A.B. asks: 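Pasting in a structure now, in C-alpha cells, and then I'll have a few things to ask.
If you're wondering where the values come from, they're calculated on a predicted model, not measured in any experiment. To find a chain, count down the sequence lines: A is the first, B the second, and so on, and within it residues start at 1.
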There are 2 protein chains.
Amino acid sequence: MRSIGALGKATNTKVETIRYYERIGLLAPPQRTDGNYRTYDDEALARLSFIRRSRDLGFSLDQVRALLSLTDQGTQDCKTVDRIARDHMAEIERKIADIIALRHELSTMIESCGGGNISECRIIEALSPFDN
Amino acid sequence: MRSIGALGKATNTKVETIRYYERIGLLAPPQRTDGNYRTYDDEALARLSFIRRSRDLGFSLDQVRALLSLTDQGTQDCKTVDRIARDHMAEIERKIADIIALRHELSTMIESCGGGNISECRIIEALSPFDN
DNA sequence: TCTTGACCCTGTAGTTGCTACAGGGAGCAT
DNA sequence: ATGCTCCCTGTAGCAACTACAGGGTCAAGA
Ligand SMILES: [Zn+2]
Ligand SMILES: [Zn+2]
Ligand SMILES: [Zn+2]
Ligand SMILES: [Zn+2]
C-alpha cells in the first residue's frame with residue numbers, strides 16, 4: 001500500500017492528476033486510512049501505469065477508458081483493441097501530414113524575409129490577405 | 001459593410017469565434033446598426049483574414065496578438081516578427097520529432113497484434129506495465 | 001398585414017486534460 | 001509544542017473555441 005504521493009512518483013503523475021482520474025471515473029476510489037488518506041495497492045499502480053503509457057502514446061482519455069474496460073471485461077478477441085489502435089494511428093498520420101505541410105509553408109515564409117522595414121516584411125505579407 | 005455571418009463565411013470562421021475574438025480584444029468592437037447588429041468593413045475582413053491565416057499556420061493567439069500589434073505600430077524593422085516566426089518554427093520541429101517517434105512506437109505495437117484472445121493481445125501487453 | 005424563417009443579440013456553460021490554489025487536517029520528528 | 005511535509009476538499013484557471021438558452025431584428029411571401 002502506498003500514498004497518493006508515492007503513487008504519483010512511481011508513475012510520474014502529479015497528485016492532482018491522480019485525483020482527477022478518480023473524479024472522472026478512470027481510477028476507482030481507493031481505500032482510505034483512518035486519517036482519510038488514499039492508499040493504493042499494486043493493482044492501482046498497474047492501472048495508472050497503463051493509463052499513463054496510453055496517454056503518452058497519444059490516446060485520448062475516452063480511448064483509454066475503452067481500452068481499460070475491454071481488458072477488464074476480458075472480452076473474447078482483441079478486434080476492438082486493434083480498431084482503437086488503428087484509428088489512433090490514422091489520426092497520427094493525418095496530424096503528421098498536416099504539420100509537415102505547415103512546416104513547409106512556414107519555412108518558405110521565413111526564408112523570404114530579408115530583414116528590413118516591417119512595411120515590406122515578407123512574413124507579414126504572407127500572412128496578409130490582399131496584395132497591395 | 002457586412003454582417004457577422006457574411007464575415008464568417010468570407011473568412012471561414014464561426015460567428016461565435018468572431019465574437020470571441022472581439023471579447024478577448026483581438027478584433028475591435030465594430031460599428032452597430034440601428035438594430036444592434038455588428039457591421040464589418042474591409043479592414044475588419046483583412047484583420048480577421050490575417051488572424052485566421054496565422055492560426056492555420058499554428059501561431060497561438062498571443063503570437064497573433066503580437067504580430068498584429070507590430071504591424072499596427074509599423075515598427076521600424078521586422079526582427080521581432082522574424083523571431084516570433086522562428087520560435088514557432090522551432091516548436092513545430094519539436095512537435096514533428098515527437099509525433100514521428102510516437103508513430104514508430106504505435107506502429108510497432110500494432111504490427112505485433114496477431115488477433116486473438118484479448119488476454120494475449122500484444123497491444124494490451126505493450127500498454128501494461130509488468131511482464132507476467 | 002401578418003407570419004415565417006433566417007439571421008442576430010447577450011450571457012453562460014461546456015469541451016479536453018489537466019494544473020493551481022485556498023483553506024484546512026494528519027502524521028512524524030525534534 | 002512546534003515545525004514540516006504530506007494529505008484532504010472544493011473551486012477556478014489554462015487554450016481556443018463551441019454550444020446552447022432565451023430572446024430581438026429583418027426581409028420576403030401569402
Ligand atoms: Zn509550397
Ligand atoms: Zn521580415
Ligand atoms: Zn522502436
Ligand atoms: Zn491483439
A.B. asks: Distance only, no hydrogens: is a donor on one side chain within 3.5 Å (strictly under) of an acceptor on the other, for B:R52 and B:Y21?
C.D. replies: yes
A.B. asks: Go through the steps to decide whether A:E91 and A:K95 satisfy the test side-chain contact (heavy atoms from CB on, under 4.5 Å), and finish with yes or no.
C.D. replies: CA-CA 6 Å; A:E91 203 184 316; A:K95 277 189 185 167; 4.0 Å; yes
A.B. asks: What's the NZ-C1' distance between A:K9 and D:dC7, to the nearest Å?
C.D. replies: 13 Å
A.B. asks: Counting only side-chain nitrogens and oxygens, does B:R38 get under 4.0 Å of the OP1 or OP2 atom of C:dC7?
C.D. replies: no
A.B. asks: Roughly how many Å is it from CG in A:D56 to C1' in C:dC18, rounded to a whole number?
C.D. replies: 14 Å
A.B. asks: Looking only at N and O atoms, is any donor in the side chain of A:Y21 or the base of C:dG17 less than 3.5 Å from an acceptor on the other one?
C.D. replies: no
A.B. asks: Considering only NZ, NE, NH1 and NH2 on the basic side and carboxylate oxygens on the acidic side, decide whether B:R83 and B:D87 come within less than 4.0 Å.
C.D. replies: yes
A.B. asks: Where the side chain of B:Y37 is concerned, which of C:dC9, D:dG24, C:dG25 is the nearest nucleotide?
C.D. replies: D:dG24
A.B. asks: Please state how far atom CG in B:L7 lies from atom P in C:dC7, giving the value in whole angstrom units.
C.D. replies: 15 Å
A.B. asks: Could you check how far CG of A:L48 sits from P of C:dG17, rounded to whole Å?
C.D. replies: 15 Å
A.B. asks: Round to the nearest Å and state the distance from B:D34 atom CG to D:dG24 atom P.
C.D. replies: 18 Å
A.B. asks: If you count every heavy atom of other residues, nucleotides or ligands that lies below 6.0 Å from B:R2 atom CZ, does the total exceed 12?
C.D. replies: yes
A.B. asks: Go nucleotide by nucleotide along DNA chain D from the 5' end; which of A:S3 and B:R55 gets its closest nucleotide reached first?
C.D. replies: A:S3
A.B. asks: Round to a whole Å and report the spacing from CD of A:Q31 to P of D:dC8.
C.D. replies: 14 Å
A.B. asks: How do A:D62 and B:G5 order along DNA chain C: which one's closest nucleotide is nearer the 5' end?
C.D. replies: B:G5
A.B. asks: Can you hop from A:I100 to A:L106 via hydrophobic side chains spaced under 4.5 Å?
C.D. replies: yes
A.B. asks: Among side-chain atoms of B:S60 and B:D62, is any donor-acceptor pair under 3.5 angstrom?
C.D. replies: no
A.B. asks: For A:L27 and C:dG17, what is the distance between atoms CG and P respectively, to the nearest whole Å?
C.D. replies: 15 Å
A.B. asks: Looking only at the side chain of B:L61 (C-beta and beyond, no hydrogens), which of the listed nucleotides D:dC7, C:dC7, D:dC17 gets closest?
C.D. replies: D:dC17
A.B. asks: D:dC17 C1' sits how many Å from B:R65 CZ, rounded?
C.D. replies: 14 Å
A.B. asks: From C:dG17, C:dT10, D:dC7, pick the nucleotide closest to the side chain of A:S60?
C.D. replies: C:dG17
A.B. asks: Say whether B:L7 and B:L68 are linked into one hydrophobic cluster, either directly or through other cluster members, by side-chain heavy-atom distances under 4.5 angstrom.
C.D. replies: yes
A.B. asks: Could you run down the sub-3.5 Å N/O contacts of the protein with nucleotides 19-24 of chain C?
C.D. replies:
| unit_1 | atom_1 | unit_2 | atom_2 | d |
| --- | --- | --- | --- | --- |
| C:dT19 | OP2 | A:T17 | OG1 | 3.1 |

A.B. asks: Looking for any heavy atom pair under 4.0 Å, which part of the strands does B:I4 touch: base, sugar-phosphate only, or nothing?
C.D. replies: sugar-phosphate
